[in-house]
Amino acid sequence: MTADLKRTPLYDLHLSLGAKMVEFAGYEMPVQYPDGVLKEHIWTRTKAGLFDVSHMGQAFLKTKRAELGSDAAHADIADAIETLLPGEIRKLKKGGMRYSVLLNKDGGVMDDLMVTRPARDDMQGVLFLVVNAACKDADFKHIASKLKDRAELDIAGDRALIALQGPLAVNALQTVVPGVETQTFMTMKPYHWNGVYLIVSRCGYTGEDGFEISIPNDSAEEFASLLLTHSDVAPIGLGARDSLRLEAGLCLYGHDMDETTSPVEGNIAFALGKRRKEEANFPGAERILSELANGPARLRVGVKPEGRAPAREGVEIVDMNGAKIGIVTSGGFGPTANAPVAMGYVDFAHSKTGTLVQLMVRGKALPATIVDMPVVPHNYYRG
Amino acid sequence: MTTKFTKDHEWIRFDDAGATIGISAHAAEQLGDVVFVELPEVGKTFTKGADMAVVESVKAASDVYAPISGEVVEVNQSIVDDPSKVNAEPMSGAWFVKLKPSNPAEADELMDEAAYKAFLETL
């Protein structure tokens with residue numbers, strides 16, 4: 001393994017658990033543990049899986065134009081970040097969080113991210129951001145430079161991020177952090193554990209109920225080890241993380257979305273706030289609103305191969321006459337679906353659910369159907 | 001019965017009827033849980049090194065190459081029906097195809113078990 005790869009605070013724990021380590025976004029990360037991807041996937045869908053996602057970027061964006069601790073301070077920092085993304089941040093409740101996308105001037109997606117309004121009164125005027133590992137340096141540079149006159153970006157390099165996902169995640173986590181069971185999907189609460197400050201968000205990347213816990217690096221291993229002593233909790237690698245999010249219909253940035261893709265094409269138009277669309281004041285608004293009104297050139301869709309052969313990233317999607325209409329951007333085998341699962345982009349004309357298409361796998365045209373996502377229903381706790 | 005190995009981790013075993021081919025325990029372990037197998041049709045001929053079959057795990061697809069040239073005389077439908085068998089018994093029940101060799105001398109270039117084990121040490 002290359003010497004200059006970065007390691008998360010849980011690196012030693014991964015090795016002690018027998019993980020197979022691979023390079024991912026500049027980090028040495030566990031792709032699987034001895035149980036293997038298939039068992040880890042099923043475990044997460046039925047119990048609780050612990051994921052190290054410390055490679056992701058965490059940061060606090062603070063207003064410089066108002067004293068922290070007031071609704072006005074929140075409104076100011078919300079207005080600031082809303083110049084970079086199309087989500088409704090101003091109206092977030094305290095402790096509320098939003099999935100959004102950083103947009104370039106052409107309305108292309110630079111990254112997807114989570115934006116959280118802190119619950120604490122004294123933290124109003126601050127937003128907590130979590131971005132993708134592979135994009136974090138560019139994202140933070142972009143945010144800091146665009147907002148340099150009005151906000152300060154503190155990159156939380158001193159914090160690890162641990163995800164606990166699955167239907168039994170809440171039971172396991174509340175034995176360690178009492179109170180998390182009262183949180184609903186897409187809310188955040190701060191806690192103290194063993195003298196350190198935790199930021200616990202009820203969200204995830206598997207389609208299951210679950211949490212992401214931001215914790216100081218120095219305490220991460222002890223916290224993760226404690227969760228792992230619970231009989232329903234097992235460590236899960238990036239392999240199963242990918243198959244889980246694929247079944248859940250969730251985008252992997254750099255594969256299912258990139259700088260050329262708009263949020264409408266990416267089929268995440270739900271991330272466009274109603275007021276934001278009316279105000280039309282986000283980057284690339286002209287293109288994005290035109291696509292909403294007239295339909296995008298292409299659309300991200302679910303693709304269900306009829307047979308057992310997986311269709312992976314890069315497989316061409318053709319119509320029933322063999323003409324190319326799109327490409328698979330993520331695909332593999334879904335252990336819960338017990339079938340191949342894929343998503344990709346097709347011409348808008350071929351994007352309707354139920355459209356019959358063909359997948360060019362190893363030179364053969366395999367029959368497939370455009371389907372709704374997610375393939376495996378989401379299981380979020382909405383209270 | 002001699003078993004020989006390729007650098008691409010196929011094994012080939014010779015008996016009076018011909019040659020049986022599969023993937024090594026090392027290959028099965030590296031792939032992880034096998035979820036899909038595609039086998040050639042009986043009667044098809046392959047030259048040494050040609051893509052002969054496909055084996056896929058949750059995460060990755062991998063080609064299986066013909067260790068020697070020959071004609072497919074039988075395929076193992078049971079691993080198509082239950083791909084997990086490739087992980088459970090890669091060196092025995094989960095054989096892929098039986099070939100009628102067209103140039104048995106090609107097998108001389110393959111590794112025996114001791115040589116293959118030594119080769120794995122170098123990876």
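The model shown is predicted, which means the values in this text are computed figures rather than measured ones. Naming: A, B, ... by sequence-line order, numbering from 1 per chain. Excluded from the calculations below are hydrogen atoms, water molecules and symmetry mates; all remaining heavy atoms, backbone and side chain alike, are included.
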Are there any donor-acceptor pairs closer than 3.5 angstrom between chain B and chain A, and if so, which ones?
{"residue": "B/D33", "atom": "OD2", "partner": "A/L38", "partner atom": "N", "Å": "3.0"}
{"residue": "B/E38", "atom": "OE2", "partner": "A/K364", "partner atom": "NZ", "Å": "3.4"}
{"residue": "B/E56", "atom": "OE1", "partner": "A/R312", "partner atom": "NE", "Å": "2.8"}
{"residue": "B/E56", "atom": "OE1", "partner": "A/R312", "partner atom": "NH2", "Å": "2.7"}
{"residue": "B/E56", "atom": "OE2", "partner": "A/R362", "partner atom": "NH1", "Å": "3.1"}
{"residue": "B/E56", "atom": "OE2", "partner": "A/R362", "partner atom": "NH2", "Å": "3.2"}
{"residue": "B/S57", "atom": "O", "partner": "A/R312", "partner atom": "NH2", "Å": "2.7"}
{"residue": "B/V58", "atom": "O", "partner": "A/R312", "partner atom": "NH1", "Å": "3.2"}
{"residue": "B/K59", "atom": "O", "partner": "A/R312", "partner atom": "NH1", "Å": "3.0"}
{"residue": "B/K59", "atom": "NZ", "partner": "A/D242", "partner atom": "OD2", "Å": "3.2"}
{"residue": "B/A60", "atom": "O", "partner": "A/R312", "partner atom": "NH2", "Å": "3.4"}

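- Annotation: residues 96-113 of chain B contacts chain A through no residue [non-hydrogen atoms, separation under 4.5 Å].
- Heavy atoms of B/V37 lying under 4.5 Å from chain A are absent altogether.
- If you measure heavy-atom distances from B/A60 to chain A, the contacts under 4.5 Å come from the backbone alone.
- Nearest heavy atom pair, residue A/F333 against residue B/V58, reads O-CG1, 3.6 Å.
- Ranked by heavy-atom pairs under 4.5 Å with chain B, the list A/G36, A/A309, A/G331, A/G239 is led by A/A309.
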